[in-house]
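First comes the structure, then the notes that go with it.
The sequence lines fix the lettering, A, B, ..., with proteins before strands; numbering per chain opens at 1.
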Amino acid sequence: MTAFAEIKVYNTLSKSLEKFIPLHGKRVFMFVCGPTVYDYSHLGHARTYVFYDTLARFLRKMDYSLFYLQNITDVDDKIVNRARDEGRHPLELAREFENYYHDDMAALNVTSVNLYARASDYLPEIFEQVRALIEKGHAYVTETGVYFDITTFPDYGKLSGQKPEELRVHRIEPDPTKRNPGDFALWRNRPREEFGWESPWGYGRPGWHIEDTAISIKHFGKQYDIHGGAIELAFPHHEAEIAQAESYTGVKPFVKYWIHTGLLTVEGEKMSKSLGNFVTIREALKEYDPNVLRIFLLSRHYRSPIDFRWELLDQAKSSYERILNGYGNLMDMDIVEEASEREAIFLEEVSRIRRRFFEAMMDDLNTAEALAQLFELVRAVNSYYEERGQITAESRVEVIAAFTDMFNVLGLRIGGGYDESMLRNLVSILIDVRAVLRKRKEYDLADEIRARLREIGIELQDIPEGTKWRLKGRT
RNA sequence: GCCGGGUUGGCCGAGCGGUUCAGGCAGCGGGCUGCAGACCCGUAGACGGGGGUUCGAGUCCCCCACCCGGCUCCA
């Protein structure tokens, strides 16, 4: 798109809406906290990653050259514990679920990530950062590991608004060897029977926070543009990343824009593995088209919580079918040579709607409003279709472009992707057969053909001019 | 306790002081139809509670209520 465009994003660091001005012109670097791969991913993960995928698509559409980096946490207590219970190697288990994760993301059309980086591949960088933090006096070694001393970093808490001295509630007993209860682990010594590495400070595993700064600093250097993740990670995880990185490099701010997504809840409670109230992505995809899931997830602003209910996917499915139908109506229009006045009005409307779509996205990624504009486009097409039913080839290209712009930014896979001509030929044969049957008033058989096609996601619509058909997605 | 966030019609959700308060789903009336669906036209319906600021407030300020998240496992 264009240079005049001004994107605004909400920055957790400043707690305000800011103009998006990257550090290096059109070059943008984005890091998003990826999953810990010890189980199947659920709809909460889908929410987060569909959003950042949409952000990435949008930035690229706005002519930014974006590098999107995501870590894969494959070194973690949960992985080690599950692997131990199943008698497997932790990295082998992690690799299995990482593959499932990639499958799920591919199914959801999350295709924008340039590089997935596994924590286990960054031990040298982790060692280097821990070593330097100790050397600079920001970290100290005890018999249980290496800890970051938060009193050496006065900004600790600037992202989340937390004051270390007020954090009195601890879910886990603080390690008694730490100087302050809020100090976080950079390296944790573990028994030799457990999976781990030899380090200068003992045998064990890295702390969770250092894995991410090892990866991001290695690829992006001392400073980059966007760091994303769900809001639950703001404290302590992202706070710790800031403390580590800014202490290590001496450059502030480590990240210019901190963007956080709201959580997906179920009956008001966070969807999570530990609560057992989760629906995996693959479960949901058994029942619903990926486009339906994306529409559902993008129908609310990214910072607000979404409360999940299956019924809402049904609603999203109906919305999706409306989009498919409108797009289909556009494809059904007869081509004419001369543009009418009505067509000119229609085209103006389309271009206004397209502009509003992008304005909505520029306004802190207002995907709900953007979707509303997509529906406006559908309505405009339907009205025009009803009134005229014909269009010049040039105009249709224009309108298709408006649709595909929106589909691409929202990550909806609509149009193309299968052998359309074969499908069309097949369906038209069946339609012809039904026309004969209907003429003979053999409605039973005609209805059965219609019903059976419907079962496989093809819906026939008998209208005065004959019969048209639509793909309705899976049922 | 401290720090964040939320509360808009039957359901989901935009909205960031001012044309009739988006859009989707469901509903109602009509058109079209062998029937159904789809589509088109029309239609109804909401701002958690109480104060305040203002000519004017879902929209700003204060108080209250309820809900959620974080407080070193979590997208």
Side-chain angles (χ1 to χ4, degrees), chain A residues 12 15 17 32-36 38 41-49 51-52 73 76-78 81 157 160-172 174-175 181-185 207-209 228-237 239-240 260-265 268-275 295-296 299-301 303-307 309 311-312 314-323 325-326 328-329 360 363 366-376 378-379 382-383 385-387 438 441 443 446-447 450-451 454 459-464 468-470 472:
Chain A
T12 309
K15 292 182 183 55
L17 219 49
V32 173
C33 287
T36 302
Y38 71 102
S41 300
H42 57 63
L43 293 179
H45 301 107
R47 204 260 167 116
T48 297
Y49 300 124
F51 169 71
Y52 289 105
T73 301
D76 176 88
D77 285 359
K78 285 185 174 166
N81 292 340
S160 59
Q162 300 275 10
K163 298 189 186 88
E165 60 275 16
E166 280 166 355
L167 298 170
R168 298 223 178 80
V169 181
H170 302 291
R171 282 185 299 197
I172 294 173
D175 185 289
D183 291 351
F184 54 86
W208 177 38
H209 317 306
I231 189 65
E232 61 183 348
L233 300 182
F235 188 91
H237 183 51
E239 205 74 73
H260 290 102
T261 52
L263 297 180
L264 186 110
T265 58
E269 285 195 311
K270 179 167 75 162
M271 180 178 282
S272 72
K273 305 273 169 66
S274 39
L275 288 171
I295 287 168
F296 164 67
S299 66
R300 187 149 204 210
H301 187 85
R303 278 188 280 114
S304 306
I306 294 181
D307 200 42
R309 278 182 291 135
E311 176 199 348
L312 300 180
D314 288 333
Q315 291 190 6
K317 184 183 170 195
S318 297
S319 304
Y320 172 52
E321 287 176 352
R322 183 173 164 79
I323 296 167
N325 192 76
N329 282 342
D363 181 18
N366 191 340
T367 53
E369 176 61 29
L371 274 170
Q373 293 306 323
L374 175 52
F375 287 110
E376 288 293 340
V378 167
R379 204 192 43 170
N382 288 342
S383 297
Y385 178 64
E386 196 74 10
E387 281 179 51
R438 292 173 71 210
K441 303 213 185 288
Y443 294 124
D447 289 353
R450 186 170 64 189
R454 190 174 195 174
E459 185 162 278
L460 301 189
Q461 297 168 9
D462 294 325
I463 54 176
K468 64 176 187 171
W469 64 280
R470 289 281 176 275
K472 298 305 270 189

Can you tell me if A/Tyr443 is stacked onto the base of B/G34, using a 5.5 Å centroid cut-off and an angle below 30°?
yes

For the residue pair A/His237 and A/Trp208, does the interplanar ring angle fall in the parallel (under 30°), tilted (30 to 60°) or perpendicular (over 60°) class?
parallel

For the residue pair A/His45 and A/His42, categorise the inter-ring angle as parallel (less than 30°), tilted (30 to 60°) or perpendicular (more than 60°).
tilted

Between A/Lys317 and A/Asp314, is the salt bridge (charged side-chain N to carboxylate O under 4.0 Å, His left out) condition met? List the steps.
CA-CA 5 Å; A/Lys317 184 183 170 195; A/Asp314 288 333; over 6 Å; no

Answer yes or no: are there more than 12 heavy-atom neighbours, outside A/Lys441 itself, under 6.0 Å from its atom NZ?
no

Tell me what [X] touches on the nucleic acid: a base, only sugar-phosphate, or nothing, going by heavy atoms under 4.0 Å.
X        : result
A/Arg470 : nothing
A/Leu264 : base
A/Leu312 : sugar-phosphate

Taking the minimum atom-to-atom distance to the side chain of [X], which one of [options] wins?
X        : options             : value
A/Gln315 : B/C11, B/A38, B/G6  : B/C11
A/Glu369 : B/C35, B/G23, B/A22 : B/A22
A/Lys270 : B/C11, B/G6, B/C74  : B/C74

For nucleotides B/C32 and B/C39, find the distance between their C1' atoms and express it as a whole number of Å.
9 Å

Roughly how far apart, to the nearest Å, are B/C60 and B/G42 at atom C1'?
38 Å

